Each structure stands twice: as structure tokens, then as C-alpha cells.
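Please read all numbers here as calculations on a predicted model, not as lab measurements. Below, each value reflects all heavy atoms present in this structure, side chains not excepted, and no hydrogens, waters or symmetry copies.
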Amino acid sequence: DALAAGATDFIPCDASSRYVAARVAALARLRNSLASPRIAAGEIEIDLQHRRCVINGRELPLSQKEFDLLVLLAGSYGRTVPRSDLIEGLWQAGAQIEDNTLDVHISRLRRKLGSRCRDQIATTRGIGYRLVPDEESATGAA
């Protein structure tokens with residue numbers, strides 16, 4: 001059997017041409033998503049492979065930490081990411097960081113996002129941060 005021999009997919013010889021076309025299209029989509037992993041959050045497009053952030057067709061220059069922080073927030077677009085999860089995702093376990101280190105990186109990233117896009121970083125007081133459309137951040141930030 002082809003799958004047992006190492007094939008990653010199998011199409012029966014009696015499959016309809018419609019089925020074959022659908023399988024080929026699905027495999028092409030899968031290949032493209034694996035070849036170029038991207039995160040889309042609102043107006044923000046993040047190319048993980050090339051470590052690029054594009055907003056409205058323009059690249060946003062980010063430091064390594066700012067990029068990683070934006071990836072964490074965009075991956076949970078609209079949902080609050082706890083401070084502890086952000087710290088754990090940005091620094092190695094056991095790293096000694098100051099209490100306000102995350103806040104400084106959030107502030108820098110907010111400044112860079114600025115008026116370039118409608119998506120903003122909202123604070124959920126006592127819990128963490130979330131990336132949301134600007135109009136929601138104005139009404140939903142605590």
C-alpha cells in the first residue's frame with residue numbers, strides 16, 4: 001500500500017476528476033501554508049519565516065523582542081494574553097528581568113504601531129495585554 005511505503009497522500013484510481021482536483025488544491029494550500037507561515041491580525045500581516053511585519057503594504061521595522069511580542073499578541077488577536085505568558089514567551093526560563101521590562105517593550109511597540117494601523121495594544125489591567133482594533137481599545141481598555 002502506498003501510504004505504508006511512505007507516501008504522504010493517496011488518491012484511489014477510481015476517484016472522480018472533481019475529487020482529484022479538490023485533493024490537489026488542498027495539498028497546494030497546505031504546501032503554501034507550510035512554506036510561508038503567516039499570521040494575519042486585523043491590518044497586520046506577519047511573515048514568520050522572514051521575520052517581517054507589514055501594515056497596509058508598508059513594512060514596520062521592529063526589534064527582535066518587539067517582533068516576538070507582536071507575534072504573541074497577534075496569535076491571540078482580540079484575546080487577552082496574560083503577562084506571565086508574554087514574559088515566558090519572550091525570555092528564557094529563569095531570566096532575571098525587571099518588573100517593568102515587559103511594559104517598556106509594550107510601550108515601544110505601541111509607539112511604532114502608532115497611527116500606521118487601526119489595531120492597537122489594549123491593557124487588561126491586572127491581567128495582561130491584547131491586540132484589538134483601535135475603536136475597541138478605546139472602549140474596552142481597563
In Å and rounded to the nearest 0.5 Å, what is the [atom1] to [atom2] distance from [X] to [Y]?
X	Y	atom1	atom2	result
Glu43	Asn56	CD	CG	4.5 Å
Arg108	Leu69	CZ	CG	11.5 Å
Ile106	Arg83	CD1	CZ	8.0 Å
Asp47	Ile39	CG	CD1	10.0 Å
Leu131	Cys117	CG	SG	7.5 Å

Q. Between Lys112 and Glu66, is the closest basic N to carboxylate O distance under 4.0 Å?
A. yes

Would you say [Y] ends up clustered with [X] if hydrophobic residues are merged whenever their side chains have heavy atoms under 4.5 Å apart, either directly or through other cluster members?
X	Y	result
Ile44	Val54	no
Leu90	Leu48	yes
Ile97	Leu86	yes

Let me have the donor-acceptor pairs involving side chains of residues 70-81, under 3.5 Å, with sequence neighbours excluded, atom names and distances please.
unit_1	atom_1	unit_2	atom_2	d
Tyr77	OH	Asp119	OD1	2.4
Thr80	OG1	Thr124	OG1	2.9

Q | Side chain proximity check, Thr101 to Gln96, heavy atoms < 4.5 angstrom | A | no

Q.
Quick one, Gln49 and Arg38 - any side-chain contact, counting heavy atoms below 4.5 Å?
A. no

Q | Contacts of type side chain to side chain donor-acceptor pair (under 3.5 Å), residue Asp85, not counting sequence neighbours | A | none

Taking all non-hydrogen atoms of both residues, which atom of [X] and which atom of [Y] are closest, and how far apart?
X	Y	result
Cys53	Leu62	CB-CD1, 3.9 Å
Tyr129	Leu102	CE1-CD2, 4.1 Å
Ala40	Glu45	CB-OE2, 3.7 Å

Q. Sub-3.5 Å donor-acceptor pair from the side chain of Arg52 to the main-chain atoms of Glu59, do we have one?
A. no

Q: Output yes when a side-chain donor or acceptor of Asn100 lies under 3.5 Å from a complementary backbone atom of Asp103, and no otherwise.
A: no

